[in-house]
Amino acid sequence: MASTRDIRRRIRSVRNTAQITKAMQMVAASKMRKAQQAALAGRPYAEALNRVLASLANRVGSLSHPFLEKREIKKPCALIISTDKGLCGALNTNLLREVAGLPKNTVFVTAGKKGKQFVARAGRELLADFEVKDDTSSYKVKQISQFLIEQYLEGKIDSVSVWHTRFVNTLVQKPERTDLLPIGQLEKLAAGTGEHAKTEIKADENLQYIYEPNGDEVLSALLPAYIHFQVYQLMLDAKASEHSARMVAMKSATDNAKSMIKDLTLEYNKVRQSGITTELLEIATAQMAMA
Amino acid sequence: MAGKLRLVVVTPEGKTFDDDVEQVVMPGVEGQLGILPGHVPLLTAIQPGELDLKAGSRGDELAVGGGFAEVAGDRVTILTDMAVKPQDIDEHAVEKALESAKKALLEKKDGPEAAALMALIQKSMAQLNLKRKRRTNA
């Protein structure tokens with residue numbers, strides 16, 4: 001049986017761990033709130049953008065743009081949005097398991113250290129790695145989408161899909177794939193674009209828009225804006241997922257530590273009590289022997 | 001014209017403005033663009049500048065960044081990456097940002113960063129102009 005001193009030492013160390021995980025849980029919780037708010041704040045913009053795209057879709061027959069063209073896919077590209085740090089449960093593991101099944105000719109662009117490490121370990125082709133800190137200002141994220149757009153237009157990659165975790169709620173985050181480029185059918189896109197399109201989005205078909213300066217130019221300004229925004233929104237979603245997953249992981253770690261402290265305290269008291277009993281017995285025996 | 005326009009200004013960070021107005025003047029890429037109720041459906045790109053609106057006797061202004069405007073029926077939707085009310089503009093902060101952006105631009109003449117800096121400068125200018133105009137009027 002361990003001595004009381006050993007048990008005390010273990011209790012202290014477990015308590016320290018619990019304090020740390022508790023602090024991390026708090027930090028994650030406040031970051032999560034912020035990230036969730038940011039993810040929700042983009043919703044009106046997404047709706048408006050979808051509506052405008054839907055209205056363009058009615059005329060897309062007369063418009064053309066490289067983003068809409070389907071080409072033969074020789075080099076697909078996957079953007080992996082992962083986290084920089086661990087301690088967030090199975091978030092990255094789940095995401096990267098999905099990614100591992102991609103065909104061999106896929107090239108990767110990563111945002112977040114975990115994705116980069118994965119690509120390096122798996123010996124896949126890494127095109128670029130972007131650092132994304134908690135500050136997801138649209139300017140930073142734009143560099144990623146801009147890079148993807150340029151690579152796509154230069155023909156170095158033929159399609160772009162984004163692998164990310166969709167934030168469902170605080171307890172559930174789902175790894176998901178969103179196809180970014182080529183955009184394909186505008187109508188389809190306007191009807192059900194990704195996350196926030198559940199609200200009614202339909203263009204008035206009898207509205208004949210005037211385009212200023214002209215349809216092609218509006219389209220060629222609108223589509224990149226759409227791509228930028230899409231990546232930005234996915235990034236926010238991924239951040240919200242990350243912080244939620246971390247908060248939950250840290251909460252369960254704190255709970256585990258607490259129950260461990262309880263068990264150890266019980267054991268400590270048992271050992272202490274048996275020590276006292278032994279001592280009493282010894283005294284009583286000694287007295288009896290003296291008498 | 002008795003009708004009203006519903007003006008909605010949205011940015012990726014949220015909804016900035018959502019109310020009934022009588023008139024909107026926006027900085028279109030082809031020049032200032034005035035919208036009154038009953039305007040034909042229009043889809044246009046806008047550039048950084050000022051957005052003027054009139055509601056009753058009250059006028060208001062917003063500094064906006066580049067983006068798009070959609071006019072459909074009696075609804076005007078402005079999609080932009082920035083929209084600030086004059087009272088929210090921190091002149092010193094903007095001036096500082098403008099200075100550092102100009103300095104950075106001198107070092108980097110091209111590439112995506114320069115474009116981003118240019119956009120930043122234009123947006124800062126739009127904010128400053130609006131703030132200064134406000135002051136001279138008052």
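From a predicted model like this one, the values you see are computed outputs, not experimental measurements. Protein chains get the first letters and strands the later ones, always in sequence-line order, with residue 1 at the start of each.
- Atom NZ of A/Lys113 is surrounded by 12 or fewer heavy atoms from other residues, nucleotides or ligands within 6.0 Å.
- A/Glu47 CD to B/Leu79 CG: the interatomic distance, rounded to the nearest 0.5 Å, is 11.0 Å.
- The distance from atom OG1 of B/Thr11 to atom OH of A/Tyr45, rounded to the nearest 0.5 Å, is 8.0 Å.
- In this structure, A/Glu131 places its CD atom where only 12 or fewer heavy-atom neighbours from other residues, nucleotides or ligands lie under 6.0 Å away.
- Looking at B/Ile78, neither its backbone nor its side chain comes within 4.5 Å of chain A, counting heavy atoms on both sides.
- For the pair A/Phe229 and B/Pro12, the tightest heavy-atom approach, listed with the atom from each and the gap, is CE1-CB, 3.8 Å.
- In this structure, chain B has a heavy atom under 4.5 Å from the side chain of A/Ala225, while its backbone stays farther away.
- Taking every heavy atom of both residues into account, B/Lys15 and A/Pro44 meet most closely at CE-CB, 3.8 Å.
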